[in-house]
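Worth knowing before you read on, the calculation uses all heavy atoms, side chains too, and leaves out hydrogens, waters and symmetry mates. None of these values were measured; they are calculated from a predicted model.
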Amino acid sequence: MDQLKPSTSTDTVATAAPITGKEYILVPDAAGHLVVDGSIYKGGDVISLKGNFAAVVFNNLRGSAGSPIIVRNATGTVTTIGSPTWNGGSWATALSFSDCHYVKVGGQSSKSNFVVSGSTQSSRQAYFNVALAKHSDNFEVSNITIQNGGTGLWAKTEVVAGDLTTQYPNSYMENLLIHDVSITGTFNEAMYIGHTATYWDMTTNTPYYGSPSGFVSGQQYAQPIKWRNVKIYNNTVSGSGADGIQTSAIDGLEVYGNEVTNWATKHGSADAGGILIGGRTTNTNVHDNYVHDGWGELCQFYGSGENGATHIIKNNLFRDNQLDGVSLRGTNNAVVQILNNTIARIGGVGIRINGYLGMTAPQIVNSNAIIQPRTTGGTIYPNAYIYLENGGTVTEGTGGYANVKLPTVDSALVDINNYYMPLAGSPLLTIGYKK
């Protein structure tokens, strides 16, 4: 049962949301657990978590657009949540929200005040550190430190047979902000935002990634619902076993100001993107990110061109990894504007444009600096900078919008210790990444 201590307070969280309701200080039970029936709280209330929790579960929190419910650490304390010793069984999520709406969660003044520590055991791949499930939306997640466990931050709604609200296009999850979060050492993805399955087979309860022409007769299929209006910014992600920041099934997505490093430590053939813009995404903008020193591809794109969607990848510094730089594999003739990025020292090709999923319209590639592809050595052929396959096409800028393609870092005349900024006389003075 919740342990409640009502008080009054004028404190503010880091997001500067005013406290308009009551503050409740909640502590764990003897086993370290806390299960909260959110129906007793109102918009503007503050739930301050005090102590060390093995698991915290919130159900049915209901704030409002102008008066969210705030979940934070108690003033003057550090809140820790999670079970590093978890090795299977129940309580497989450290901090979970189910059917919760208009909520702000995070540390009062610093991410070091709100720490979620996941499993470090052999079964950790099944452990979730922070989960937003069952329609939870209108969320702001900020100022949290997440470490270890299986999946760092997970936000989606599963398809349920007979529940049309879980099936696209009958409903959406609206408005998600993720910022100033540190995620390190997860076994799976650091962030898993939106449902990756193209369809869900409700008969077998398994994902289906093909076209409707491959549906099995007599089985029921539906598409998972989407997010709408998601912003992911000013986060640091490192040491994830799979993708760094993975997104899918979102209408209106902005990813910016993040640093992603040392992702895909499991060296899998899939789940290896530093930043991944997944299937069923529309109207995306990936800009001003710093992605470096990882194993997989620096940036992967699978987004959709339906309804004239726009996609932008601009002013990112992508450098030093084992596979390709920017890889495009979109659907519905998606067109991506790839503008003013620096893509340097990649193990594969600089930009790969692959039309096998139906993205055959010309991609717009202007003012990028592509430096030293295929660092394993040998002759660098022209298609190592921009590689076309399976019907993929490109329109490159000319004149002041031309891409600059250089075989070595030395020839680029850049300061590799200062975000690859151009030095005097560099051919990159007017193009590429500008911090």
Side-chain angles (χ1 to χ4, degrees), residues 146 151-155 176-184 186 188-194 196 227 230-250 252-265 268 270-304 311-330 334 336-344 346-354 363 368 419 433 435:
I146 298 172
T151 304
L153 176 52
W154 182 96
L176 174 63
L177 302 180
I178 301 169
H179 65 93
D180 297 286
V181 174
S182 171
I183 306 179
T184 58
T186 58
N188 306 316
E189 297 85 355
M191 293 190 195
Y192 190 119
I193 311 302
T196 59
W227 278 100
V230 174
K231 292 187 178 182
I232 301 170
Y233 60 98
N234 295 349
N235 304 288
T236 58
V237 171
S238 66
S240 60
D243 303 307
I245 298 175
Q246 174 187 284
T247 64
S248 292
I250 299 168
L253 168 66
E254 188 175 10
V255 180
Y256 63 98
N258 303 285
E259 182 173 1
V260 180
T261 186
N262 192 30
W263 67 95
T265 60
D271 302 315
I275 294 177
L276 189 156
I277 307 303
R280 302 175 67 219
T281 57
T282 62
N283 301 312
T284 68
N285 190 355
V286 179
H287 64 93
D288 298 283
N289 298 284
Y290 182 31
V291 186
H292 62 101
D293 294 293
W295 185 81
E297 295 174 326
L298 287 152
C299 182
Q300 298 176 342
F301 176 87
Y302 294 87
S304 172
H311 299 281
I312 298 170
I313 299 175
K314 182 178 182 180
N315 199 48
N316 301 281
L317 175 54
F318 297 128
R319 69 163 183 86
D320 292 278
N321 72 313
Q322 300 297 307
L323 299 179
D324 291 339
V326 177
S327 290
L328 309 182
R329 307 177 182 90
V336 185
Q337 300 176 61
I338 303 177
L339 313 171
N340 286 98
N341 303 281
T342 293
I343 305 168
I346 50 270
V349 299
I351 299 174
R352 181 181 296 271
I353 301 174
N354 194 329
Q363 306 304 300
N368 299 280
Y419 301 98
Y433 172 78
K435 183 175 173 61

Contacts of [X] that satisfy side chain to side chain donor-acceptor pair (under 3.5 Å) - sequence neighbours left out:
X: Thr196; value: Tyr192
X: Ser304; value: Asn332
X: Asn316; value: Asn289, Asn341
X: Gln337; value: none

Review point. Sequence neighbours excluded, which residues qualify as ring-ring contact (aromatic ring centres under 6.0 Å, His included) partners of Phe301?
Key: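 Partners of Phe301 by the ring-ring contact (aromatic ring centres under 6.0 Å, His included) criterion, ordered by chain and then number, come out as His311.
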Check your understanding: Can you name the residues that form a ring-ring contact (aromatic ring centres under 6.0 Å, His included) with Tyr302, not counting sequence neighbours?
Key ->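 Per chain and number, Tyr302 pairs via ring-ring contact (aromatic ring centres under 6.0 Å, His included) with no residue.
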Exercise for review: Keeping the roles fixed (side chain from Asn235, backbone from Asp180), state whether a donor-acceptor pair exists under 3.5 Å.
Suggested key: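 Checking the backbone N and O of Asp180 against the side chain of Asn235, a donor-acceptor pair under 3.5 Å is found.
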List in chain and number order the residues that pass side-chain contact (heavy atoms from CB on, under 4.5 Å) with [X], two or more places apart in sequence or in another chain; answer none if no residue qualifies.
X: Gln322; answer: Trp295
X: Ala242; answer: Glu189, Asp271
X: Asp293; answer: Thr261, Arg319, Asp320
X: Ser240; answer: Thr186, Ala190, Trp263

Exercise for review: Mind running side chain to side chain contact (heavy atoms under 4.5 Å, CB included) on Val237 and Asn258 for me, showing each step along the way?
Suggested key: CA-CA 8 Å; Val237 171; Asn258 303 285; over 6 Å; no
**Study point:** Sequence-distant partners of Arg352, salt bridge (charged side-chain N to carboxylate O under 4.0 Å, His left out), two or more places apart
**Key:**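 Arg352 satisfies salt bridge (charged side-chain N to carboxylate O under 4.0 Å, His left out) with Asp324, Glu389 only.
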